[in-house]
Amino acid sequence: MSATDRDPECVFCKILAGELPGFIVDEDERTVSFMDIAPATRGHALVVPRVHSRDLLSIDPAELGACAAAAQRLARAMSERLGADGVNVLNSCGAAAWQTVFHFHLHVIPRYREDPLRLPWTPAPGDQGEIAAAAQALRGA
């Protein structure tokens, strides 16, 4: 990683540069996956691009694709090697969405039948009018 590809204040850039420790579990030419130091479940890991991108809105689409492929590899390993019954892949974009490190990353969280993790969103039927209005706005109509 060149100096122009990183933010010298970013904790994830420091891990990628070897300036801070990290339990690296997978890497390729575009991505690095390492263990989350505040895991939600056993095996919770992060996938980050080697090139610094602040968030989902700023990451280059090719880098995003590489992160998605790395998350899939990691999810498969969690299933095969940790016995995970399922996997959550989560991205937080912006402080209001719980992003705390401003270097794009995907949380890859192995799930186990009896694990205590409960995400804060509980799906429930929404207002059909509001859903239709949001859909129309997203279509640009």
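With sequence neighbours excluded, no residue forms a ring pair (Phe, Tyr, Trp, His ring centres under 6.0 Å) with Phe102. With sequence neighbours left out, the salt bridge (Lys or Arg N to Asp or Glu O under 4.0 Å) criterion links Asp55 to no other residue. Contacts of His44 classified as ring pair (Phe, Tyr, Trp, His ring centres under 6.0 Å), with partners at least two apart in sequence or in another chain: His107. For Glu27, the side chain to side chain contact (heavy atoms under 4.5 Å, CB included) test picks out Ile24, Val32, Arg50, with sequence neighbours left out. Partners of Glu19 under the salt bridge (Lys or Arg N to Asp or Glu O under 4.0 Å) rule, at least two apart in sequence or in another chain, are Arg6. Ser79 is linked by a side chain to side chain contact (heavy atoms under 4.5 Å, CB included) to nothing, counting only residues two or more places apart in sequence or in another chain. Evaluation of the side chain to side chain contact (heavy atoms under 4.5 Å, CB included) rule for Arg118 yields Arg111, Asp115 as partners, not counting sequence neighbours. Remark: Leu20 engages Val11, Lys14, Ile15 in a side chain to side chain contact (heavy atoms under 4.5 Å, CB included) (not counting sequence neighbours).
Cluster note: Phe104 groups with Phe23, Val25, Met35, Val47, Leu56, Ile59, Leu64, Leu74, Met78, Leu82, Val87, Val89, Leu106, Val108, Tyr112 through ILVMFWY side-chain heavy atoms spaced under 4.5 Å, whether in direct contact or through intervening members. Taking Ile, Leu, Val, Met, Phe, Trp and Tyr as members and joining any whose side-chain heavy atoms lie under 4.5 Å apart, directly or through other members, Ile37 forms no hydrophobic cluster with any other residue.
Residue pairs meeting the salt bridge (charged side-chain N to carboxylate O under 4.0 Å, His left out) criterion with at least one partner in residues 57-76, sequence neighbours excluded, are Asp26-Arg73, Asp28-Arg73, Arg30-Glu63. Counting only residues at least two apart or on different chains, the salt bridge (charged side-chain N to carboxylate O under 4.0 Å, His left out) pairs with a member in residues 77-91 are Asp85-Arg113.
Nearest heavy atoms, Ala84 versus Pro110: CB-CB, 3.7 Å. Residues Ser33 and Ala70 come closest through the heavy atom pair OG-CB, 4.4 Å. The two atoms that bring Cys13 and His103 nearest to each other are SG-ND1, 3.5 Å, heavy atoms only.
One finds the NE2 atom of His105 at 11.0 Å from the SG atom of Cys67 (value rounded to the nearest 0.5 Å).
Screening Leu117, Asp36, Leu46 for a side chain to side chain contact (heavy atoms under 4.5 Å, CB included) involving Ile109 leaves a single residue, Leu117.
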